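As structure tokens, the structure follows; a few thoughts come after it.
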Amino acid sequence: RSELLRGKPDGTFLIRMKNSGQYALSIVHSNGLVDHCLIEKVEKGYGFADTISDPYYIYPTLDDLVYHYAFKSLEEHNACLKTTLTYPLNCPALQQKDSGYIAPSSL
């Protein structure tokens with residue numbers, strides 16, 4: 001879904017359901033590059049796939065994970081991602097009307 005993020009400012013993101021227990025985060029960073037990260041749901045909450053075994057990086061809800069990375073750089077997770085989750089795709093700040101989550105049925 002990189003095409004949805006083309007031309008958007010750094011920090012613009014989209015989270016979509018990938019498959020059972022996994023979500024995909026797509027994020028614009030470094031002057032327009034788009035990267036993707038897997039988010040997994042485990043018994044205690046949500047975390048990035050590569051840090052899911054570290055309880056420090058587990059958040060009770062997906063909203064809690066987004067809130068954390070709205071203020072903390074994603075560098076905590078990936079050294080290349082020097083940005084925060086600033087603009088959900090289609091947020092009012094980007095002059096659009098919907099929330100940042102696009103249901104799989106809408107794609």
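Because the structure is a prediction, the values reported are computed rather than measured.
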CZ-CD1 distance between F48 and I39, expressed to the nearest 0.5 angstrom:
4.5 Å
Take F13 and L25, measure what side chain to side chain contact (heavy atoms under 4.5 Å, CB included) needs, and give me the verdict at the end.
CA-CA 7 Å; F13 69 97; L25 165 67; 3.8 Å; yes
Go through it in stages, so that I can follow the logic: the residues are V34 and I27, the test is side chain to side chain contact (heavy atoms under 4.5 Å, CB included), and I'd like the CA-CA distance, side-chain angles, deciding distance and then a yes or no.
CA-CA 5 Å; V34 176; I27 179 82; over 6 Å; no
Between T86 (side chain) and T84 (backbone), is there a donor-acceptor pair under 3.5 Å?
yes
Apart from F71 itself, members of its ILVMFWY cluster (side-chain separation under 4.5 Å) are Y67
Under 6.0 Å from the ring centre and within 45 degrees of the ring axis: does the NZ or CZ of K18 meet both conditions for the six-membered ring of Y23?
no
Closest non-hydrogen contact found for C80 with S30 is O-OG, 4.1 Å
Rounded to the nearest 0.5 angstrom, the CD1-CG distance for I15 and L62 is 4.5 Å
After noting the C-alpha distance and the side-chain angles of V28 and L33, does the key distance pass the side chain to side chain contact (heavy atoms under 4.5 Å, CB included) rule?
CA-CA 5 Å; V28 180; L33 294 177; over 6 Å; no
Mind running side chain to side chain contact (heavy atoms under 4.5 Å, CB included) on M17 and Q22 for me, showing each step along the way?
CA-CA 6 Å; M17 189 175 288; Q22 285 189 330; over 6 Å; no
Are Y69 and Y57 close enough that their ring centres sit under 6.0 Å apart?
no
Restricting to non-hydrogen atoms, name the atom on I58 and the atom on V42 that form the minimum distance, rounded to 0.1 Å.
CD1-CG2, 4.2 Å
Residues two or more places apart in sequence or in another chain: which of them pass ring pair (Phe, Tyr, Trp, His ring centres under 6.0 Å) with H29?
none
Could you tell me whether a side-chain N or O of D35 sits under 3.5 Å from a main-chain N or O of L81, the two making a donor and an acceptor?
no
With D64 via side chain to side chain contact (heavy atoms under 4.5 Å, CB included) - residues at least two apart:
Y59, P60, T61
